[in-house]
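Take a look at the structure set out below.
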Amino acid sequence: MPGASAAAIERAYRDSAGRAVATLTRFLGDLDLAEEAVQEAYAIALERWPADGIPPNPGGWIVTTARNKALDRLRRESSRYRRETQAVLLHGNEAPRAEVGPVQDDRLRLIFTCCHPALAAEAQIALTLRLIAGLQVPEIARAFLVPEATVAQRLVRAKRKIRDARIPYRVPRDAELPSRLPFVLAVVYLIFNEGYTASAGQDLGRAELAAEAIRLARLLAALMPDEPEVTGLLALLLLTEARRPARTGAGGTLVRLADQDRGRWDRAMLTEGLDLVRACLRRNQPGPYQIQAAINAVHCDAGAAADTDWRQILALYDQLAALVPTPVVALNRCVAVAEVHGPAAALELADQLALDDYHLYHATRADLLRRLGRTSEAVAAYDAAVMRAGNDAERAFLLRQRAGLSTGTG
């Protein structure tokens, strides 16, 4: 596609970068060098692809180009590496480093490396989002609601720790898995969330990234079939992703859950997800991902938005808030409170939350204020949400909602 736009090139790169970094880390045994080589390959893509077009296999192009850039560096700094590493890079068809661990999957290995207990929890998640999801520092900072400098420091320290502590690049053995699992599940969920609703850019989501998160969740489910939270996470991702076909309208506009054509939902994904939720219920070992999956199952069971069992959803949110007492969970619970006890009760709870940097907090308040007829306050809340939204599709939706309000009556 000659004359490829910068946005198309960025999308192709984002869809390929995580796989490329993971593959090259296996070849090189050096996370920093792998990431730098992939960045150099992207810089070359920005020079060539606008004229030459995006190649049929952009991921393969990135890996090959990055491997060549890494080889160039190894030749200049040959004292740092053993000759067999160079030989592997020179002959891409040769076997890479010997496989260690129960699962042969580059990206899952890289996630477990990033989620090593020697790293701080915040650093684990930030590093995985950077390397697997391809998020930039500003996007990660927005997701964590922290300054960009804080994220940059976390990434530098995490990579230094991996190098200095010689943290192995592998999926751990069975005995090590339980202690590593919570962080791995968290990053897979965050990768999915970025794919379902991108933190920045023109498109509402990144379907390939969401598919990658589901693929990783399936690998984890095969690796740990007796872990109910793994099953719960997979169910949650499937039930959420099943709604994607109905989530956008003409031109990629966002469609709220209440307004979606439920006939467009992916029935196969729904069936699989609901079956997994039932399997979790039979185990009777509830956890955060299983409860979130159950909430989504209640939504999916309703033939129409008006049929949604909000009392059951509120009860599930009460359970979730007891296990995960975070402001974001509390905000999501406010939506259920509004349906069961009315928008005034929900607004009273929402106003107690410290989420000023979170655009969905202001969007939720705006909707509650609108329902209460406090129009001028709703307009101000929509303005605050628009200012903080990084995704163009979400921003456009918020602007439409704001424009729909009559002015001067709040």
Side-chain angles (χ1 to χ4, degrees), residues 102-103 108 111-112 115 117 121 125 171-193 196 210 213-243 257 265-303 307-337 339-341 349:
V103 176
L108 193 58
I111 287 176
F112 272 102
C115 292
I125 295 172
V171 174
R173 299 295 184 183
D174 290 351
E176 303 171 77
L177 283 171
S179 63
R180 305 274 281 278
L181 185 62
F183 297 107
V184 172
L185 294 180
V187 297
V188 171
Y189 187 37
L190 285 168
I191 289 168
F192 175 83
N193 285 339
Y196 197 66
I214 291 173
R215 188 188 71 84
L216 292 169
R218 289 191 188 281
L219 281 176
L220 288 170
L223 182 65
M224 307 178 75
D226 296 325
E227 286 286 346
E229 278 291 82
V230 176
T231 305
L233 176 63
L234 179 56
L236 172 60
L237 302 194
L238 290 170
L239 292 174
T240 307
E241 182 66 10
R243 300 197 295 266
L257 175 59
W265 289 355
D266 186 313
R267 304 314 302 180
M269 275 193 180
L270 284 179
T271 300
E272 183 181 2
L274 291 170
D275 286 345
L276 290 173
V277 169
R278 295 186 189 100
C280 290
L281 291 174
R282 288 194 293 271
R283 286 174 169 170
N284 196 27
Q285 296 176 292
Y289 294 110
Q290 297 172 75
I291 295 171
Q292 291 178 81
I295 290 169
N296 276 269
V298 176
H299 281 295
C300 294
D301 277 338
D307 300 329
T308 304
D309 187 345
W310 283 105
R311 291 189 179 278
Q312 186 178 0
I313 288 176
L314 180 56
L316 288 166
Y317 268 120
D318 290 341
Q319 248 189 304
L320 182 61
L323 292 175
V324 189
T326 67
V328 172
V329 170
L331 178 65
N332 292 334
R333 180 179 176 275
C334 286
V335 176
V337 169
E339 297 299 326
V340 176
H341 300 298
L349 294 172

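All figures in this text were calculated on a predicted structure; none of them were measured in a lab. Because only heavy atoms are used, hydrogens play no part in the values below, and waters and symmetry mates are left out as well, while side chains stay in.
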Distance-minimising heavy-atom pair for [X] and [Y]:
X      : Y      : value
Pro286 : Leu323 : O-CD1, 4.4 Å
Pro117 : Arg180 : CD-CD, 3.1 Å
Cys280 : Pro228 : SG-O, 3.9 Å
Leu108 : Leu216 : N-CD2, 4.0 Å
Ala235 : Gly273 : CB-O, 3.7 Å
Leu234 : Ala221 : CD2-CB, 4.2 Å

Compare all side-chain heavy atoms of [X] with those of [Y] and state whether any distance is below 4.5 angstrom.
X      : Y      : value
Gln290 : Thr231 : no
Val335 : Trp310 : yes
Tyr189 : Leu236 : yes
Leu238 : Asn296 : no
Leu239 : Val277 : yes
Ile214 : Glu241 : yes
Leu314 : His341 : yes

Nearest-0.5 Å distance, [atom1] of residue [X] to [atom2] of residue [Y]:
X      : Y      : atom1 : atom2 : answer
Gln319 : Tyr317 : CD    : OH    : 13.0 Å
Leu320 : Ile295 : CG    : CD1   : 5.5 Å
Arg283 : Leu281 : CZ    : CG    : 11.0 Å
His299 : Thr240 : NE2   : OG1   : 9.5 Å
Ile111 : Leu219 : CD1   : CG    : 9.5 Å

Check your understanding: Does Val298 have any side-chain contact (heavy atoms from CB on, under 4.5 Å) partners at least two apart in sequence or in another chain, and if so, which?
Key -> Asp309, Gln312, Ile313, Leu316
Review point. Does a sphere of radius 6.0 Å around CZ in Arg311 hold more than 12 heavy atoms from other residues, nucleotides or ligands, not counting ones at 6.0 Å or beyond?
Key: no
Practice item. Using atom types as modelled and distance alone, determine if a side-chain donor or acceptor of Gln292 lies under 3.5 Å from a backbone N or O of Pro288. Key: yes
Practice item. Quick one: do Leu223 and Val230 satisfy side-chain contact (heavy atoms from CB on, under 4.5 Å)? Show the steps, please. Key: CA-CA 10 Å; Leu223 182 65; Val230 176; over 6 Å; no
Exercise for review: Just do the side-chain contact (heavy atoms from CB on, under 4.5 Å) check on Leu349 and Arg333 with the steps written out, would you?
Suggested key: CA-CA 9 Å; Leu349 294 172; Arg333 180 179 176 275; 3.6 Å; yes
Revision key, fill the gap. With sequence neighbours left out, the residues meeting salt bridge (charged side-chain N to carboxylate O under 4.0 Å, His left out) with Arg243 are none
